[in-house]
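Bear in mind the structure is a predicted one, so any value in this text is a computation, not a measurement. Values reported hereafter were calculated over all heavy atoms of this structure, with side chains retained and with hydrogens, waters and symmetry mates removed.
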Amino acid sequence: MFRAAVRVSISGVRSLTRTQPGSQALLASRCYSHGKQETDEEFDARWVTYFNKQDIDAWELRKGMNTLIGYDLVPEPKIIDAALRACRRLDDLASAIRILESVKDKAGPYKDIYPYVLQELRPTLDELGISTPEELGMDKV
């Protein structure tokens, strides 16, 4: 059975590498997605909905933040707000502080982004009793 499968796969590879008289090169084609592009509002709504799930667990929170931070963007304050509220529901202060650290890291050399995000999140931080890494002195370590 295994030999037959190997024979079929080898003969298939050979047929791809043989050149037919009249065709000297293989043509490469690109398969681009012609699907609907997600708008910024839909992107934000998708992530806010994800973090607002009442039954979210710690693994889903970390997975969602890891995926979100992997994108080439700084998350909007409303997404971070939903993630911080999920941290409160899970009673996970460490993850909340880590989220704020990752937002600061994603802002990179743009020094005006992180203060703006903190300004927008200040009411939520005060309501939930979450201190920023700077208030905890973690930026000096």
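- With hydrogens and angles disregarded, no donor-acceptor distance shorter than 3.5 Å links the side chain of E120 to the backbone of V117.
- The side-chain contact (heavy atoms from CB on, under 4.5 Å) test with E38 is passed by exactly one of K36, E42, E41: E42.
- In this structure, W59 is not a member of the same hydrophobic cluster as L90, with clusters built from ILVMFWY side-chain heavy atoms closer than 4.5 Å.
- In this structure, the separation between CG on L84 and CG on L93 is 10.0 Å, given to the nearest 0.5 Å.
- At most 12 non-hydrogen atoms from other residues, nucleotides or ligands lie less than 6.0 angstrom from CG of D91.
- Under the 4.5 Å side-chain criterion, counting only non-hydrogen atoms from C-beta, I97 is in contact with P133.
- With K106 contributing its side chain and I69 its backbone, the two residues share a donor-acceptor pair below 3.5 Å.
- To the nearest 0.5 Å, the span separating CG on L125 from CD on Q119 amounts to 12.0 Å.
- The salt bridge (Lys or Arg N to Asp or Glu O under 4.0 Å) test with E127 singles out one residue from R85, R122, R88, and that residue is R85.
- Closest approach of L118 to E134, counting heavy atoms only: CD1-OE1, 4.2 Å.
- A salt bridge links E101 with R98: the distance from a Lys NZ or Arg NE/NH1/NH2 to an Asp or Glu carboxylate oxygen falls below 4.0 Å.
- The heavy-atom pair separating A83 from L61 by the smallest distance is O-CD1, 4.0 Å.
- Taking a 6.0 Å sphere around CG of D72, one finds it holds 12 or fewer heavy atoms contributed by other residues, nucleotides or ligands.
- For the pair K111 and Y114, the cation-pi test (distance below 6.0 Å, angle within 45°) is failed.
- Under the 4.5 Å side-chain criterion, counting only non-hydrogen atoms from C-beta, L121 is not in contact with V103.
- Residues A96 and I130 share a closest heavy-atom pair of CB-CD1, 3.9 Å.
- In this structure, K63 places its NZ atom where only 12 or fewer heavy-atom neighbours from other residues, nucleotides or ligands lie under 6.0 Å away.
- At a threshold of 4.5 Å between non-hydrogen side-chain atoms, the residues I99 and C87 count as touching.
- With a 4.5 Å cut-off on side-chain heavy atoms, L73 and F43 count as touching.
- Using a 4.5 Å heavy-atom threshold, the side chains of D81 and F51 count as separate.
- Side-chain contact check for K104 versus T132: every heavy-atom pair is 4.5 Å or farther apart.
- Side-chain N or O atoms of N52 include one that pairs as donor or acceptor with a backbone N or O of V48 at under 3.5 Å.
- Distance alone, capped at 3.5 Å, is enough to place a donor-acceptor pair between the Y50 side chain and the E60 backbone.
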